[in-house]
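Notes to accompany the following structure.
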Amino acid sequence: MDQYSLETLRHSASHLMAAAVQKLYPDAKFDIGPATQDGFYYDLDMEHRLSTDDLKAIDKTMKELSNKKIPIECLEMPRDEAEKLLKEKNQTFKLERLRDIPDGEKITFYRLGDFIDLCRGPHVGNSGDIKVTRLLSIAGSYYRGKETNPMLQRIYGTAFHTKEDLNNHMRQLEEAAKRDHRKLGAELELFGFSENVGPGLVLWHPKGALVRHIIESFWREQHIKNGYELLYTPHIGRSRLWETSGHLDFYSDAMYSPMQIDNSDYYVKPMNCPFHIEIYKTRNRSYRELPLRWAELGTVYRYEKSGVLHGLLRVRGFTQDDAHIICTPEQMGQEIRQVLDFCLFIWKSFGFKDIKAYLATRPEKSVGEPERWEQAIASLEKAVCESGLACEKDEGGGAFYGPKIDLKIKDAIGREWQTSTIQFDFNLPERFDMAYIGNDGAKHRPYMIHRALFGSLERFFGILVEHYAGAFPLWLAPEQVRVIPITDAQHLYARELEAFLASKGLRVKVDDRSESLGAKIRLARNERIPYMAVLGEKEVQSSTLSARSRIDDQIPPLSFEDFAKRLLDEATPS
RNA sequence: GCCAGCUUAGCUCAGUGGUAGAGCUACGGUUUUGUAAACCGUCGGUCCUCGGUUCGAAUCCGAGAGCUGGCUCCA
């Protein structure tokens, strides 16, 4: 339809922005300016520290350059000439980027008026093709993404073919902002944080805690059904446990300082695995008792840099829905398959249907025998294949201790979230010298698989709030029915209904404030309560109730019994 | 942690050097209401914290905390 792809358009828009920046700040040194999923950015360095106020001027200059319809020309040149040009322009980052281009590859520059940029292209024909742009924000970004490198200034923007597309995009951002779990969490009194407690430490308020309780109960029930056994383990453990596990050597950056108890150092746990392994090691294990599937809602604490904390999605204390499967080589394939199916069942229960798998294989630095890696990867691949999931392979993307499958789920407005993870571990079984006695009477090293379905309850809850936009389905809603008597004369009748519904196991409250019907409905709607039962003179006379749901507005009058039946039918996970 | 920004009542926000405000919420009263906001009144403030400049600071400057958007990292 359009002559250029959105990616090309955005890439060109980043050049147009760079041209504008160069015009306003001639000392600017440019690094890279690619298109991204939603727009583009350009990384640059200069004397002037940009602030959001500067975006207006840059935007204005971009519009001027666009109106001039300046052609964007491609210039191919030999390496020495390219180097000379960049040196002349004092573009030190670009010089380094030039050195990254392998010999024999074409070296191209793109010129937009006075702005000449080392760039692979392609680009739109002229600056007049870039009409619909919006500069969004400025940020810092480390040169080449390395924390030890100097920080450049990054300008984020986006571009579209039409004004309408841009407006749609901005509306989508607004929609996402409305669903923001931090905002809804406070509004619906689900959870919060306190400066006195500390950043990244979640306080679950009664309503959020109730939803969490329902999720946990469902989780436990399903795990028992699927052949798991539940464990509880302590929050702290002696330093020698973490020495054996290797965490003190390789994970200490994320661990909190130890506390001294009776002359020993104890660490708050960043992971649950060592405790599970200790349980495994309490006695000899026979191949006959494998596979073991041990699950725990284990609360762990990890140090996260202050700048990365984000609502419930990134915290310092969180509860993993952790499990460890310990099995023989023969059982491995079947176990992986079962975990994947279990994952899919759980995601379906919470209304997520669009799920993608990412398989990460052996990285350069790794532990464990190559055959074990190959076996494990093969079984992961086979299981994903059989499950019918779409899968992307990330060669060399596994952890040093084993390959893994991560699942990403798509929420109600199309955003992807990384949640479930299934990881082999060839490291801990070695370190802890785990073994089972095979039918040959000899000791063998078991396979160990870590897996989490939700990832963490905090993160999952945050995703759920955004997915449902705060309107939990009936089975999860902290309050399922709000009973609304119209006048004081129906208060007794309302209490009768409340007691009846509660006796059926429904979560119900009465709003008997001296307020108008409209006001009570408005409040219940704002609180995202799935059902309202309105009671007036008519309902008392006919022994009925007038129901109203979040979805249907009004429902014809029902008896207490029929109403309860309807809700109980609906109140199962789907 | 780093770059940029923000922080005024429970919430949303106004107030740019001269006595701290509005709406909603909460509370008290009046009202007895038929499907998204009845009316009147009252309470509510360490203007994030500490220090500085000034006759005088919510307002200007510095440091710190928390938060937001990114970078890095990751459940």
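All figures in this text were calculated on a predicted structure; none of them were measured in a lab. So you know, we letter chains A, B, ... as the sequences are listed, proteins then strands, and number each from 1. The analysis underlying the following values was restricted to heavy atoms, covering all of them including side chains, and did not include hydrogens, waters or symmetry mates.
Listed by residue number, the members of residues 528-538 of chain A with any heavy atom below 4.0 angstrom from RNA chain B are A:V534, A:G536, A:E537, A:K538. Within residues 30-40 of chain A, no residue has a heavy atom under 4.0 Å from RNA chain B.
The shortest distance between the side-chain N/O atoms of A:Y156 and the OP1/OP2 oxygens of B:A4 is not below 4.0 Å. Side-chain nitrogen and oxygen atoms of A:S141 include none within less than 4.0 Å of the OP1 or OP2 phosphate oxygen of B:C71. Between A:R182 and B:U68 there is a side-chain N or O to OP1 or OP2 distance below 4.0 Å. For the OP1/OP2 pair of B:G1 and a distance below 4.0 Å, the side-chain nitrogens and oxygens of A:Y142 include no atom meeting the criterion. The shortest distance between the side-chain N/O atoms of A:H310 and the OP1/OP2 oxygens of B:G69 is below 4.0 Å.
Side chain A:S516 to base B:U32: no donor-acceptor pair is found below 3.5 Å. Taking 3.5 Å as the limit, the base of B:C73 and the side chain of A:R314 contain a donor-acceptor pair of atoms between them. With hydrogens and angles ignored, no donor-acceptor pair under 3.5 angstrom links the side chain of A:T487 to the base of B:U33. One N or O donor and one acceptor, one from the side chain of A:E304 and one from the base of B:A75, sit under 3.5 Å apart. One donor-acceptor pair, N or O on each side, does fall under 3.5 Å between the base of B:G34 and the side chain of A:E539. The base of B:A37 sits with one of its N or O atoms less than 3.5 Å from a complementary donor or acceptor on the side chain of A:R522.
Side-chain contact between A:R566 and A:D562: absent, with no pair of heavy atoms (C-beta onward) separated by less than 4.5 Å. Between A:P478 and A:R212 there is no side-chain heavy-atom pair separated by less than 4.5 Å.
A:F460 pairs in a ring-ring contact (aromatic ring centres under 6.0 Å, His included) with only one of the listed residues (A:F352, A:W347, A:F318, A:F218), which is A:W347.
Of the C1' atoms belonging to B:U8 and B:G44, the separation is 14 Å, rounded to the nearest Å. Taking atom P in both B:U16 and B:C2, the straight-line distance is 33 Å, to the nearest Å.
Here A:H213 contributes atom NE2 and A:I215 contributes atom CD1; the two are 11.0 Å apart, rounded to the nearest 0.5 Å. A:L190 CG to A:R182 CZ: the interatomic distance, rounded to the nearest 0.5 Å, is 14.5 Å.
Taking only side-chain atoms of A:V308, from C-beta outward, the nucleotide of B:G1, B:A4, B:A75 with the closest atom is B:G1. Taking the side chain of A:R49 as heavy atoms from C-beta on, and the options B:C3, B:A36, B:A75, the nearest nucleotide is B:C3. Out of B:G34, B:A75, B:A65, the shortest distance to the side chain of A:L517 is found at B:G34. The side chain of A:R459 lies closest to B:A75, out of B:A75, B:U72, B:U33.
Residue A:K207 qualifies as enclosed at atom NZ: its count of foreign heavy atoms under 6.0 Å is above 12.
Between A:L135 atom CG and B:G70 atom P the separation is 16 Å, expressed in whole Å. Residue A:D322 contributes atom CG, which lies 18 Å from atom P of B:C74 at whole-angstrom precision. One interatomic measurement links the two molecules: CD of A:Q541 to P of B:G34, which rounds to 17 Å at whole-angstrom precision. In this structure, the CZ atom of A:F318 is 12 Å from the C1' atom of B:C73, given to the nearest Å. One can place CG of A:L545 at 19 Å from P of B:G34, the figure rounded to the nearest angstrom. When rounded to the nearest whole Å, the span between CD of A:E515 and P of B:A26 equals 8 Å. Residue A:R316 contributes atom CZ, which lies 8 Å from atom P of B:C67 at whole-angstrom precision. To the nearest angstrom, C1' of B:G70 lies 8 Å from CE of A:M151.
Within the nucleic acid shown, A:V300 has no heavy atom closer than 4.0 Å to any nucleic acid atom. When heavy atoms are screened at a 4.0 angstrom cut-off, A:L50 is found touching the sugar-phosphate backbone but no base atom.
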- Readout for nucleotides 8-13 of chain B: B = base within 4.0 Å of protein heavy atom, S = sugar-phosphate only, - = neither; 5' to 3' it is ------
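A salt bridge links A:R314 with A:E304; the closest basic N to acidic carboxylate O contact falls under 4.0 Å. Ion pairing between A:D100 and A:R144 holds under the 4.0 Å rule for side-chain N and carboxylate O. A:R171 has no carboxylate O lying under 4.0 Å from a charged side-chain N of A:E174, or vice versa, which leaves the two without a salt bridge. A salt bridge does not link A:K94 with A:E96: every distance from a Lys NZ or Arg NE/NH1/NH2 to an Asp or Glu carboxylate oxygen is 4.0 Å or more. One finds a salt bridge joining A:K356 and A:E392 here, because a Lys/Arg side-chain nitrogen approaches an Asp/Glu carboxylate oxygen to under 4.0 Å.
Using modelled atom types and a 3.5 Å distance limit, the side chains of A:H491 and A:D512 yield no donor-acceptor pair.
Ring centroid separation for the pair A:F426 and A:Y401 does not come in under the 6.0 Å cut-off.
Toward the 5′ end of RNA chain B lies the nearest nucleotide of A:L152, the other residue of the pair A:L152 and A:N526 mapping further downstream.
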- Between A:R550 and A:Y531, is a side chain to side chain donor-acceptor pair (under 3.5 Å) present by the stated rule, with each step listed? CA-CA 6 Å; A:R550 241 171 9 200; A:Y531 283 94; over 6 Å; no
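Pairing for B:C55 is with B:G18, a Watson-Crick or G-U wobble pair whose two hydrogen-bonding atom distances lie under 3.5 Å.
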